[in-house]
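The structure under discussion appears below in the form of C-alpha cells.
Owing to the predicted nature of the structure, the values given are computational and were not obtained by experimental measurement.
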Amino acid sequence: MKNTAKRTLCALLALMLTLSLAACGGAKTVDPQTCTYDEMVAYLTAKGYIAKDAAPVDMLTTAGYVTDNTGGDMPFVPFADKAQDYDGLWLMWWDSAAPSEAYASCFQNIAMNGGVIVYMGGAAVLPTAACSGNFAVAFAEGYAQKDAVLADFSALAGK
C-alpha cells in the first residue's frame, strides 16, 4: 500500500510538472505554409502580439482597410479568405489547399506587387508589411510590437 501511494504521488507530481512546463513554454512554433488561421492566432497570442482579450474586427466586411481607388465604390472588398484586425495587428490568410478567387487574384501576386494586395486590377489596394506561408500581416499606425512581429514572420518564413 505504501509503494502504491508513493507511485501515485510521484505520477501526480510528474503530471503537474509537465503541465507547468507546458504552460510556461511559450508559443509553439507554427508552419505558416500548413497551419490554420486559428493556429496562427494562438501562436501570435502566446507570443504576446495579440491580446488575450482582443475583439477582432473583420477586415473583409469593414470599411477603412483598403485604399479605394474607385472614388467610393469599394470601401471594403473580399481580398483574402480570412482577415482580422487584432487591435492594430492585421492578420490575413489565404487557403492554398482549396484556392479561392481571393487566393488566385490577390495572394499569388503579392510578391510581384511588392507586398501590396491588389484587388481587381488596382480598384482597391492594401500594402502588407510581411508575408509568410499563406499569411500576410499589416499594421495600424502606432501598433507597438510591429518590429517584433516582423522579425518573427521573417523567422517563420525561413523555416
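I117 CD1 to T67 OG1: the interatomic distance, rounded to the nearest 0.5 Å, is 11.0 Å. To the nearest 0.5 Å, atoms CG (D85) and CD1 (I50) are separated by 10.0 Å. Rounded to the nearest 0.5 angstrom, L91 CG and Y49 OH are separated by 13.0 Å. For the atom pair NZ (K47) and OG1 (T29), the distance works out to 7.5 Å, reported to the nearest 0.5 Å. A distance of 5.5 Å separates CG in L126 from CE in M59, rounded to the nearest 0.5 Å.
By the 30° and 60° cut-offs, the orientation of the rings of Y103 relative to F107 is tilted.
Taken together through direct or relayed side-chain contacts under 4.5 Å among Ile, Leu, Val, Met, Phe, Trp and Tyr, M92 and Y65 form part of one hydrophobic cluster. Cluster membership check: W93 does not share its hydrophobic cluster with W90, using side-chain heavy-atom separations under 4.5 Å among Ile, Leu, Val, Met, Phe, Trp and Tyr.
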**Study point:** Worked check of side chain to side chain contact (heavy atoms under 4.5 Å, CB included) between Y43 and D152
**Key:** CA-CA 11 Å; Y43 173 78; D152 217 328; 2.6 Å; yes

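Between V41 and K82 the shortest side-chain heavy-atom distance does not fall below 4.5 Å. Q84 is not listed as a side-chain neighbour of V57, based on a closest heavy-atom distance of 4.5 Å or more. You'll find the side chain of Y119 stays beyond 4.5 Å of the side chain of V66, heavy atoms only. Between Y86 and T45 the shortest side-chain heavy-atom distance does not fall below 4.5 Å.
The minimum heavy-atom distance between Y143 and G88, with the atom names listed, is CD1-C, 3.7 Å. For the residue pair C131 and F153, the shortest heavy atom distance occurs at C-CD2, 4.1 Å. When all heavy atoms of T128 and A136 are compared, the pair lying nearest together is CG2-CB, 3.9 Å. Between A83 and Y37, the shortest heavy-atom contact is C-OH, 4.3 Å. Taking each heavy atom of G133 and Q33 in turn, the nearest pair found is CA-OE1, 2.7 Å. Of all non-hydrogen atoms in V30 and E39, the two that sit nearest each other are CG1-O, 3.9 Å.
Using a 3.5 Å distance cut-off with no hydrogens or angles, the side chains of W94 and D81 do not pair a donor with an acceptor.
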Side-chain atoms of residues 70-77: list all donor-acceptor pairs with protein atoms under 3.5 Å, sequence neighbours left out, distances to 0.1 Å.
residue	atom	partner	partner atom	Å
T70	OG1	D68	OD1	2.5
T70	OG1	D68	OD2	3.4
T70	OG1	D73	N	2.9
T70	OG1	M74	N	3.4

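Annotation: side-chain hydrogen bond (donor to acceptor under 3.5 Å, both in side chains) contacts of N109 (sequence neighbours excluded): none. Contacts of S96 classified as side-chain hydrogen bond (donor to acceptor under 3.5 Å, both in side chains), with partners at least two apart in sequence or in another chain: N134.
Under a 3.5 Å cut-off, the side chain of N69 and the backbone N or O of G122 do form a donor-acceptor pair. Side chain of N113 to main chain of G115: no donor-acceptor pair is present (N/O by atom type, distance under 3.5 Å, no hydrogens or angles). At least one donor-acceptor pair closer than 3.5 Å links the side chain of Q145 to the backbone N or O of G48. Between the side chain of S132 and the backbone N or O of F135 there is no donor-acceptor pair closer than 3.5 Å.
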